[in-house]
Amino acid sequence: MMPRHGLHRTILVAALSVLTGITIWGVASGTLVSETLLPHPFSVWEAAAEKSESGLLWESIRVSLWRVGWGWILGVGAGIITGLILGELRGVESVVGPIFEFLKGVAPISLVPIMILWFGIGELPKLLIIAYITWVVVTVSTMTGVREVPNVRLRAARCLGLSQLQVFYRVILPSAASFVLLGMRSGIGFAYIALVSAEFIAVDKGVGFLIMDSRLNLQTSLMVVGIITLGLLGSGSQLLYDAVTLQMPWLSRFRRH
Amino acid sequence: MTQAGRLGPLYGILLFFILWQVAAAFIGTPLLFPEPMDVMRGLARMSETGEIYVHLGATLQRLLVGLGVGIPVGAVLGCAMGASRDVNAWFDPYLRMANSTPAIALIPFALLWFGVTELARYSLVFYLAVYVLALSARQGVAQVPHLRIKAANTLGVLGVSAFFRVVIPSSFPAILGASGPQRVLE
Amino acid sequence: MENDWKRLKVTGLYKQFSRGPVVLSNIDLTVDRGAFMCILGPSGSGKSTLVDLIAGFEPPTDGRIAFDDSPIHGPGPDRVVIFQDIGNALFPWLTVLENAEFGLKNFVRNKNERRAQAMEALELVGLGNDTHKFPSELSGGMKQRAQIARGLVMDPHVLIMDEPFAALDAITRRRMQYELKDLWERTHKTVIFVTHDITEALILATDVTVLSSGPEARILDTFRPELPDERDPADAEFIAAYRHIESLIGHVHDAGDVRAETAQ
């Protein structure tokens with residue numbers, strides 16, 4: 001339909017676009033829009049360099065990664081278990097499924113006050129909010145994975161002499177694996193949303209706190225640093241996840257269909 | 001099975017309320033965990049005084065304004081990105097950035113720019129709508145079967161007119177599917 | 001599992017799904033050991049239901065299925081099914097070799113022995129060089145060969161093939177038919193082969209059973225086509241057999257149509 005261009009051209013256009021974007025940003029800052037609202041790219045860079053030298057940036061990243069990492073791992077573990085159980089109980093899925101879809105739609109931030117009421121302001125409520133939303137997402141995808149195993153595949157296994165139990169761990173588990181892997185991936189995005197929600201409200205440290213705190217102090221450039229850091233962490237986590245699941249032969253084979 | 005399948009969601013809602021009630025009874029502190037009946041009574045009282053309609057109205061208005069402006073902008077952007085590699089290359093970096101940054105992180109920024117006003121809320125909904133619509137419209141355009149375009153070509157509908165008469169209508173389901181407010185709220 | 005069985009006998013088989021119509025009515029069928037039995041029927045004649053019953057996936061409403069006098073119980077490796085659904089029948093996360101070994105794990109303890117048996121079956125179907133590919137890397141014909149190897153390796157009493165070539169293109173389908181015939185001549189494995197393709201049935205079968213269209217499908221005829229070992233769809237006997245089956249099923253072309261169709 002459209003003339004074909006090489007990859008080089010795509011990269012060139014994208015680079016040009018980003019450069020133009022930054023230039024417009026640089027020109028507009030301080031002229032069209034005040035520097036308080038839109039800090040100059042250079043001052044964002046300076047703020048990043050300064051906080052990276054003082055260690056505040058790295059400490060925030062460390063704390064946030066710890067929370068999101070452990071919360072995600074807890075949520076994934078719990079989600080796989082509940083997903084398998086609920087998926088295997090035939091008929092239950094149609095009853096429980098809508099509840100989980102509803103829970104998935106509830107923004108994690110609305111849970112923050114209740115979690116603080118229950119568990120105080122330590123690390124636990126933050127971890128639990130992240131784990132909770134990951135759990136919901138992974139449960140839904142695991143449940144779907146178990147339910148979507150093609151009937152022919154189950155029958156093939158049965159007539160090759162497998163018992164019901166063997167069918168479960170030799171056919172249903174590996175069949176559901178591709179859905180679980182997808183759920184784990186979208187769980188990363190949800191975990192980061194939950195992380196920011198938790199760090200906005202229950203404040204002490206972390207990248208979310210950095211953003212909120214710099215807003216209160218009107219350090220807009222630091223706020224932009226925080227937002228960019230968050231974006232980099234989020235996309236970095238997903239890239240890492242893709243690399244791991246695609247590179248490991250015993251995992252990547254479950255992505256085949 | 002089919003009956004359970006059709007009524008499943010209903011049982012689900014019922015089960016949800018039962019679990020809620022049991023949990024509330026177990027915890028026993030209404031302040032920490034209100035009973036469903038209390039919440040219902042609260043809802044009833046708010047609807048009597050009309051308070052709830054004010055809140056609902058405000059939420060709906062935010063959605064309508066933000067989506068009303070955001071959806072067309074996002075749809076046009078996405079279709080253009082799907083149609084042209086250069087347009088796609090130009091805007092793709094920004095879509096990627098939006099994709100990897102939770103929208104919630106932008107709330108402080110919106111508050112800084114617009115203060116605690118309706119405009120801050122409109123702008124966030126607008127941002128989300130543009131981003132979600134652009135993504136799905138681009139995908140919708142990319143997924144139009146090549147055969148369908150060829151079929152249009154053999155009928156003498158070529159180039160730009162094939163794009164408007166075949167590609168855009170073909171990608172409509174994807175665009176409409178993304179327009180639901182729920183997708184945007186996530 | 002007894003190994004000295006002589007025939008698979010289906011007697012007085014009825015199948016009705018709960019409150020639905022009767023699918024199969026009074027089916028009597030005898031498959032001799034070593035036979036290649038083709039079950040022919042138009043779409044919706046209950047062929048697949050018959051497969052489900054013989055394979056043990058579904059219980060019959062009435063009647064019995066037995067090897068000589070010992071009735072079957074549920075699905076089992078004495079009656080391996082080759083499915084039509086080429087996209088889902090193989091395990092996509094396993095290589096061709098691992099697919100072929102899949103059922104052996106319960107019966108052969110030694111890993112090397114398993115591997116050797118699977119390799120042997122794969123070479124028999126002509127996949128000896130593709131053992132480390134994943135199903136997604138195979139063509140439709142190769143997928144069905146892998147499925148046949150996975151079944152053969154179990155050394156079943158009966159290989160049940162449920163329209164195994166229906167999803168393949170016409171040229172591949174015809175090649176697979178002759179390959180299967182060749183395979184059968186070398187192994188003399190008992191086969192129950194379900195199809196709606198009359199030519200396919202006449203190329204392969206030693207015995208043909210014709211089902212009526214459903215609901216309440218019944219057997220119209222069971223016969224041994226008097227055809228030479230080398231089946232040629234253009235032979236006069238072949239065409240005669242073809243027309244016999246067509247007249248049974250109930251719609252007759254004129255002779256010219258038949259020749260045109262069979263000569264393809």
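Residue numbers begin at 1 in each chain, while the letters A, B, ... track the order of the sequences.
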TODO: Decide if atom CG of B/Leu147 counts as having more than 12 heavy atoms of other residues, nucleotides or ligands within a radius under 6.0 Å.
DONE: no
TODO: Would you name the heavy atoms of B/Ala105 and A/Leu230 that are closest together and state the gap between them?
DONE: CB-CD2, 3.5 Å
Open item on the list: If you count heavy-atom pairs within less than 4.5 Å of chain B, which of A/Gly236, A/Gly234, A/Gly231 leads?
Closed with: A/Gly231
Open item on the list: Looking at B/Gln139, I'd like to know if its CD atom is crowded, meaning that more than 12 non-hydrogen atoms belonging to other residues, nucleotides or ligands lie closer than 6.0 Å.
Closed with: no
Open item on the list: If the contact rule is any heavy atom under 4.5 Å from chain B, which residues of residues 218-229 of chain A qualify, in numerical order?
Closed with: A/Leu218, A/Thr220, A/Met223, A/Val224, A/Ile227
Open item on the list: Does atom CH2 (B/Trp113) have a neighbourhood of more than 12 heavy atoms from anything else shown, all under 6.0 Å?
Closed with: yes
Task: Part of residues 132-143 of chain A lying next to chain B, heavy-atom separation under 4.5 Å - done: none
Open item on the list: Please output the residues of residues 32-39 of chain A in contact with chain B, using a heavy-atom cutoff of under 4.5 Å, in numerical order.
Closed with: A/Val33, A/Thr36, A/Leu37, A/Leu38
Task: Straight-line distance of A/Arg215 CZ to B/Ile107 CD1, nearest 0.5 Å - done: 10.5 Å
- [ ] Check each atom of B/Pro93 against the heavy atoms of chain A and say whether the ones under 4.5 Å are side chain, backbone, both or neither.
- [x] side chain
- [ ] With sequence neighbours excluded, give me every side chain to side chain donor-acceptor pair (under 3.5 Å) pair touching residues 89-103 of chain B.
- [x] B/Asp92-B/Arg96, B/Asp92-B/Arg138, B/Asn99-B/Tyr131
